[in-house]
Amino acid sequence: MSRHVFRDIRGTLQPFWVTLRNLFRKPVTVQYPEQKQQLPERYRARLILTRDPDGGERCVACHLCSAACPVDCISMQATEAADGRRYAAWFRINFTRCIFCGLCTEACPTKAIQVTADFELAGRDPLKLVYEKVDLLVDHCGNDNSYNFYHQTGIGVTAPRGENPQETKPMDVKDLMP
Amino acid sequence: MADTLFTVVLILAKLALIFGVVLFMAAYLVLAERKILGRMQLRYGPNRVGPFGLMQPLADVIKLLTKEDFLPARADKWLFLVAPGITAVTALLVFAVVPFGPTIEVFGRTIPAAVVDLNVGVLYFLGVSSMAVYGVVLGGWASCSKYSLLGSVRGLSQMVSYELSLGLSLVPVIMMARSFSLHDIVMAQASVPFLLLNPVACFVFLICILAESNRIPFDLPEAENELVGGFHTEYSGMRFGLFFVGEYINLVVLGSLMTVFFLGGWHGPWLPPVVWFLIKVLMVCGLFIWIRACLPRLRYDQLMNLGWKVLLPVSLLNILVTGAVLLGLGL
Amino acid sequence: MKEIITTDALLDAQQLGDFVRHAGEIEHPRELIVDVLRAIQTRYGWVPDEGVELTASILGLTAIEVEEIATFYDKIFRRPVGRVTMHLCDSICCWSRGGEEIAAHLKKILGIEFGQTTDDGLFTLLPSCCLGCCGIAPALMIDQQFYGPLTVEMVDELIATLRRERSV
Amino acid sequence: MVTLTIDNQTVTVPAGTTVLEAAQKLGIVVPHLCYHKELGAVGSCRMCAVMIHKGTLTGLKMSCLIAVEEGMVVTTTDERSMALREQVGEWLMLNHPHDCPVCDEGGECQLQEMTIAVGHGRRRYTGKKHTYPNQDLGPFIAQEMNRCIHCYRCARTYKDYCGGRDFGVMGSRNRVTFGRFADGMLQSDFSGNLIDFCPTGVFTDRTFRFTSRFWDLQEADSVCSHCGVGCAVIPGGRLHQLQRVRSGTNAAVNGSFLCDRGRFGFDYGRHPERPRRARRDGQEVAVDVALEALMSDARALIDAEGPEAVLLLGSERASLESNWLLQRLAKELGCRVPVLSPHARRHQAAQAVAFDLSHQLASLADVRTADVAVVFGVDPLAEAPLLALALRQIVRQGGRVVVCDPRPVELPFAFEHQPLSPLALHELLGGGDMDGKHLRDLLRQAKQPVLVAGADLLGTAGLRHVHSLAQRIATDDRACPIYPVLAGANSFGAALLSLPEQDDLMTRLEGDHVRMMICLETDPLVEGPDGKPLGERLARLEKLVVFDYLPTAVAARADTFIPTCPPVEASGTFINSEGRLRRFERVLAPGASLAHKEDGAHPPRAFFLTQPDSEPLPAPRLLQRLLGGETSLAQIQAEMVMDRPRLAALPQLKAGEEGERVAATVARALPEEKLPEQPAGTLQLVVSPARYGSDLLSRYARQLTPRLTTACVYLHPEDAERHGVQEGDRVDLDTRFGRFTLPLALSETLARGCALVENSAALPEPIPGSGISFCRIGRGGANG
């Protein structure tokens with residue numbers, strides 16, 4: 001015990017010196033609304049719905065983001081377009097609940113839902129933070145401008161059946177070839 | 001008749017003055033604490049309300065007043081409502097005996113610069129300040145919440161642990177001043193403050209009032225990160241505000257007592273006595289804030305150990321030594 | 001506009017009567033499916049959808065029950081073919097004895113790939129797994145008649161003969 | 001029993017069990033795709049490989065094909081079998097489009113599960129994927145052939161088990177395709193089972209297309225209420241909307257199968273005109289206000305006019321609890337006991353089943369395992385579709401099925417049809433002529449004979465004849481149980497609760513004693529045979545109170561209407577035809593649907609403390625409020641058991657389980673029916689329920705519209721010739737239900753001397769099960 005007495009006394013007194021010294025230093029605080037901070041590149045904040053390189057909505061309303069969401073802030077309804085494309089009739093994210101964990105973006109098989117660095121989501125009316133599809137949908141591909149889900153799966157939506165890369169022409173059972 | 005009336009008016013006036021000054025000080029101590037802590041942690045602290053955040057206390061009061069006054073479903077209603085008041089009122093009551101300046105002559109009367117100059121002021125202080133823990137205990141118990149109850153139990157045993165040393169640390173002061181009157185104690189320090197004459201008693205007293213004020217490193221009854229606020233977990237709005245303001249009034253009061261007992265009260269060169277008094281009080285308060293910025297919270301058993309195994313023997317020994325010295329000096 | 005195919009174009013009255021009668025006599029009319037389809041193929045050249053439906057109605061089956069058989073066998077044609085359908089064996093014996101050269105040569109002189117029909121509608125070239133004629137490998141089957149062992153010259157000669165005989 | 005070791009655990013199973021099933025019993029998951037417990041094993045997917053260390057055959061084997069042996073030692077997690085399974089999983093996924101995000105099967109896909117179970121996670125094959133064209137298989141089933149893994153389960157389900165003949169396997173090699181000869185609606189009445197049985201997303205529910213994910217659905221075990229079979233179903237819904245029904249499993253009743261009527265006909269509860277608010281004299285009122293008013297009205301009338309003044313009418317659609325509480329209400333009010341069905345004859349026949357036949361009831365599982373079934377007076381596909389499926393299994397196992405019925409019965413298997421007119425059928429059962437003798441021999445030689453009796457056509461007398469026939473056939477070592485076919489989901493239950501003194505509806509309404517009538521979840525105008533006279537009588541009532549969840553004709557005429565909940569929105573109990581208590585649990589709370597599939601029509605942003613349109617309450621709850629004091633369903637059931645000891649199993653009943661049979665009891669005295677004399681120049685009228693749109697629920701299920709048929713009258717060609725009418729003519733049919741002008745259709749397999757009409761939405765007046773009656777037929781328009 002005696003070995004530590006001086007160390008302990010020093011340990012008790014040292015903070016007084018540190019805090020006293022800090023008292024006369026310049027604070028590191030960024031005065032937020034007047035000064036803005038440079039955010040890290042991969043900052044996770046407000047979610048968006050991106051589009052395919054060809055302009056179509058990427059979201060196929062597969063419900064995987066809402067399943068992955070730990071706070072249940074995403075809800076949607078899938079529907080079918082005339083060409084068989086599955087898309088969201090409505091898509092809602094409740095940003096009053098969202099904790100910006102980014103699990104939805106990891107779950108998204110079509111890279112539709114992506115995060116942005118826009119964190120300024122405070123407001124007095126909670127309903128204004130309930131975003132509908134029209135508020136979420138953007139006009140760009142986000143951070144991947146090459147991926148197109150419908151080109152990877154042969155269900156014949158953006159291209160006729162069997163016309164996508166990595167697909168053969170549809171089988172014809174009546175074909176002459178054995 | 002006129003005499004009595006005059007006394008009453010005088011007391012009321014002093015009460016009003018002290019009320020005003022103490023509450024004002026408590027309010028701005030909160031701000032000062034937040035600013036100082038902020039700067040010590042390389043932050044600004046509140047700076048949005050008014051110039052340099054000076055209107056922050058007002059904003060806090062408005063916020064607390066307009067918040068919902070929440071009563072837990074199974075709380076003991078009356079005790080729950082009364083408890084915060086006990087804390088705030090007892091803290092204020094102590095101030096009744098604190099002399100903040102020398103006696104003054106008004107209309108040919110000698111008026112003590114305290115609400116009353118009790119000849120048993122020390123006992124009064126010890127008695128009333130012990131009452132403050134009732135606020136903590138009753139508030140925590142009446143909330144009917146686990147956290148609150150744990151907080152109040154801690155508060156109670158904490159009081160038992162340090163109250164003894166607190167009283168004993170004052171015995172040398174009384175012995176040296178030969179009076180229980182705070183006025184006399186200050187007068188006894190006209191030349192040399194007791195801090196220098198008996199630093200051990202002063203140190204014990206400082207530790208005890210830290211505990212008394214429920215502040216870091218002895219804020220076990222609150223312990224936000226273990227007990228979620230402890231005894232005041234269930235309080236909201238102005239009732240929480242009363243607990244809060246009580247704590248800071250306590251700070252001012254204890255600072256004043258520290259000044260009175262050990263720092264020589266209003267005595268000092270050049271400046272008027274009241275200013276000296278204020279400066280000393282604020283310095284003590286500043287020390288409290290500084291300590292808060294520097295020390296971690298003690299563990300519960302450490303507090304008990306300190307109270308019973310260190311402070312108590314030390315203060316007893318100190319009494320013995322002081323008595324011996326006084327006897328030896330033949331004073 | 002889809003051409004309407006009459007029953008008469010698929011089977012003659014005699015065959016039709018025989019099949020209907022025979023189907024009534026046997027316990028499992030299913031066993032006649034291949035016979036009826038082959039009869040249709042012989043008369044019409046290949047089996048159109050109407051042929052499948054006709055077979056089904058003769059045998060008291062549903063169209064899909066006939067279609068299951070019709071699409072299973074590669075010697076029953078569910079697509080139009082040329083007048084001469086050549087099945088070139090592509091199994092191991094024929095391959096090891098030069099089947100690939102024969103195939104390349106046939107493709108070259110006919111100007112078609114496997115599965116295609118010449119523009120004049122005469123030849124259809126199809127691969128076939130083992131024709132069971134390893135003794136005459138590489139082998140070719142035309143109208144249930146086998147040719148082999150083939151050489152490039154034989155092929156030229158055969159095609160020339162067929163062109164002469166089967167041209168309309 | 002055989003004991004073997006699987007993965008160091010020993011298990012004892014009956015001989016003949018496969019290793020896969022034994023492993024399942026231990027809770028060990030052996031991945032499999034082509035095996036299904038209803039369809040058995042074919043060993044084509046090669047996924048269920050396990051290592052057999054000790055046994056006749058050792059090495060890597062397909063666990064679905066190997067029968068257990070005593071002392072067998074099997075491991076499922078050894079390196080070789082795991083490696084093989086992973087490779088097989090990878091092969092199966094070579095051509096899979098990986099389009100799970102847009103596939104409705106996603107989340108409840110066996111292929112997904114099994115791919116993960118075998119540990120295949122990363123696609124290594126870089127070659128091109130095969131694609132296939134799709135077919136339009138009609139409004140119920142969507143096809144996406146690219147997802148196919150060629151396990152043949154669809155063909156085994158549709159063709160082999162269900163006997164559908166318009167679906168098959170085409171092509172060979174890597175072209176194998178499953179589908180129809182040409183686009184078009186699948187014709188089988190069991191086509192929906194493709195959805196449940198396809199282990200991947202080739203066949204998905206088109207009515208449920210892109211609606212919800214499996215994990216978002218609120219599901220509960222329920223009972224189908226379209227007919228008396230009482231199949232286990234699992235309805236699922238989201239956003240306050242019932243969105244689909246899939247088949248539950250009940251080994252004693254439906255196995256894992258469901259007919260299309262039950263599967264796709266669930267949307268009656270979300271009919272746009274479904275009444276959801278209480279109404280009194282044309283004004284919307286709060287439910288409690290309406291209940292209070294109705295109670296005081298009833299009390300006042302009974303005080304003034306005696307116990308006859310108020311008539312309570314229960315139903316075969318309402319749960320056991322509802323009907324029983326209705327009887328309690330009668331006691332409370334001091335009026336006469338309720339009539340529990342608007343269809344007197346049907347109700348009596350059901351009583352004959354519930355009392356006389358109660359010792360000898362067969363379950364559908366008994367039918368499936370029988371070797372001879374003789375069906376009297378049932379058209380299974382119309383009256384009890386799952387019965388047809390059960391009968392098919394007899395034929396598949398080499399047994400025989402004989403159907404004695406006037407209708408041109410079609411069944412998905414080969415059977416012997418004896419087209420007997422209703423009178424001839426009664427005669428056969430009563431006296432027993434040559435045909436009867438032949439049948440008796442067949443039944444006597446059978447190892448496990450079973451009789452099927454249609455309550456609608458046979459009536460009480462016919463059922464009693466079938467009963468005595470069964471008793472004559474049965475010997476000490478083999479029983480001859482009877483499977484009765486009742487019409488309503490709870491016909492048996494209503495009959496069981498019925499009291500001998502209750503009388504029938506029209507008798508009670510004779511005279512002018514009845515001033516007020518309370519109908520519980522029934523429309524006596526179309527569910528009973530006396531529509532027209534009853535309608536006139538109802539108009540003379542002072543008060544007509546209707547509790548229902550359908551926009552029925554009688555609900556429109558009610559002075560006081562109180563909304564109730566369909567079975568998916570309530571919990572309760574039905575007793576199915578075979579006397580089996582079946583519990584159903586609430587799936588959804590009632591309320592306005594929030595589901596919108598139109599662009600931008602998102603759910604409301606405003607927040608409500610109570611769900612709009614959630615006023616309807618389950619009928620038992622409403623009746624309890626009338627009785628004063630709500631208790632739990634369990635409490636009601638406990639009281640019911642005290643009252644009716646036959647229901648002893650009621651409190652232990654759990655939804656999703658097989659269900660318990662009610663206790664047998666002694667026969668009840670029922671009025672004897674006399675066979676009427678046939679007037680000269682008439683035909684016997686046969687009224688059959690249409691396959692779709694006959695039961696009231698399917699009539700309000702708009703999804704079934706594509707399956708509805710047009711009304712026509714069927715005659716045997718000989719009878720048509722005799723009456724000088726031809727196929728397609730519009731003929732006049734003069735019946736006890738009124739005069740109808742309908743197109744004529746001819747049927748060779750219809751019994752001679754009969755005219756057949758189908759009760760359906762298009763022709764709701766003739767009611768099946770109304771006894772033998774006669775009709776005259778004439779050329780349409782001849783009389784102007």
Side-chain angles (χ1 to χ4, degrees), chain A residues 58-68 72 75-81 84-92 94 107-110 112 125-128 130-134 149-150 152-157 159-175 177-178, chain D residues 95-104 106-107 123 125-134 142 144-148 168-179 181 201 206 208-217 238-239 241 594-603 605-607:
Chain A
R58 264 185 178 155
C59 176
V60 296
C62 69
H63 287 261
L64 281 180
C65 51
S66 70
D72 283 353
S75 54
M76 75 197 78
Q77 176 62 57
T79 192
E80 190 174 13
R85 192 186 180 101
R86 184 179 162 130
Y87 71 101
W90 54 267
F91 192 104
R92 182 181 279 180
N94 185 345
C108 183
T110 63
D125 181 4
L127 269 181
K128 282 194 180 143
V130 178
Y131 278 42
E132 301 291 349
K133 190 168 122 182
V134 64
F149 170 78
Y150 282 109
Q152 309 296 322
T153 54
I155 62 162
V157 166
R161 285 179 86 79
E163 300 284 319
N164 286 318
Q166 295 301 309
E167 280 176 9
T168 59
K169 288 259 178 336
M171 299 294 159
D172 177 8
V173 283
K174 300 173 183 173
D175 196 37
M177 293 287 280
Chain D
N95 291 308
H96 193 81
H98 296 81
D99 61 344
C100 309
V102 296
C103 174
D104 270 328
R123 184 176 163 81
Y125 176 66
T126 52
K128 295 195 164 193
K129 296 176 181 180
H130 293 165
T131 66
Y132 299 83
N134 289 336
E144 176 50 66
M145 261 309 290
N146 285 357
R147 298 173 187 146
C148 184
V169 191
M170 291 170 281
S172 59
R173 208 174 57 113
N174 61 11
R175 278 200 305 253
V176 170
T177 314
F178 300 84
F181 179 65
R206 180 157 270 174
F208 180 59
R209 188 164 170 81
F210 296 172
T211 299
S212 284
R213 283 288 176 205
F214 170 65
W215 59 74
D216 285 333
L217 288 175
R238 184 172 76 108
L239 297 168
Q241 187 194 44
L594 298 179
H596 304 287
K597 277 179 109 174
E598 308 85 55
D599 270 344
H602 47 69
R605 293 172 66 90
F607 173 76

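Below, read A as the first sequence line, B as the second, and so on, with proteins coming before strands; counting in each chain starts at 1.
A donor-acceptor contact shorter than 3.5 Å is absent between the side chain of A/Gln77 and the backbone of D/His602. Although no hydrogens or angles enter the test, the distance criterion places a donor-acceptor pair under 3.5 Å between the side chain of D/Arg605 and the main chain of A/Val130.
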- Could you walk me through whether D/Lys597 and A/Glu80 pass salt bridge (Lys or Arg N to Asp or Glu O under 4.0 Å), step by step? CA-CA 9 Å; D/Lys597 277 179 109 174; A/Glu80 190 174 13; over 6 Å; no
- Given the rule in the side-chain contact (heavy atoms from CB on, under 4.5 Å) test, do D/Lys129 and A/Gln166 qualify, once you have shown the distances and angles that lead to the verdict? CA-CA 6 Å; D/Lys129 296 176 181 180; A/Gln166 295 301 309; 5.6 Å; no
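Only the side chain of D/Asp216 comes within less than 4.5 Å of a heavy atom of chain A; its backbone N, CA, C and O stay farther away. Heavy-atom distances place the backbone of A/Lys169, and not its side chain, under 4.5 Å from chain D. With a threshold of 4.5 angstrom between heavy atoms, D/Arg173 approaches chain A through side-chain atoms but not through N, CA, C or O. With a 4.5 angstrom heavy-atom cutoff, A/Phe91 does not touch chain D via any of its atoms. Interface remark: A/Pro178 contributes backbone atoms only to the contact with chain D (heavy atom separation under 4.5 Å). Both the backbone and the side chain of A/Asp175 come within contact range of chain D, judged by heavy atoms closer than 4.5 Å.
Residues D/Thr131 and A/Glu163 fail the side-chain proximity criterion, which asks for heavy atoms closer than 4.5 Å. Counting heavy atoms from C-beta outward, D/Arg213 and A/Cys62 have side chains that approach closer than 4.5 Å. Using a 4.5 Å heavy-atom cutoff, the side chains of A/Met171 and D/Met145 are not in contact.
Nearest heavy-atom pair across D/Phe210 and A/Gly84 is CE1-O, 4.3 Å. Between D/Val102 and A/Phe149, the closest heavy-atom pair is CG1-CE2, 3.6 Å. The shortest heavy-atom contact between A/Leu64 and D/Trp215 is CD2-CH2, 3.7 Å. Counting all heavy atoms, side chain and backbone alike, A/Ala89 lies closest to D/His596 at CB-O, 4.2 Å.
In this structure, CD on A/Glu167 lies 7.0 Å from CG on D/Asn146, to the nearest 0.5 angstrom.
D/Asp599 and A/Tyr87 share a donor-acceptor pair across their side chains, judged by distance under 3.5 Å alone.
The residue among A/Glu132, A/Arg85, A/Met76 with the most heavy atom pairs within less than 4.5 Å of chain D is A/Glu132. Your options are A/Val134, A/Thr110, A/Leu127, and the one with the most heavy-atom pairs under 4.5 Å with chain D is A/Leu127. Note: D/Arg209 leads D/Arg209, D/His98, D/Met170 in heavy-atom pairs under 4.5 Å with chain A. In terms of heavy-atom pairs under 4.5 Å with chain A, the best-connected choice from D/Asn95, D/Asn174, D/Asp104 is D/Asn174.
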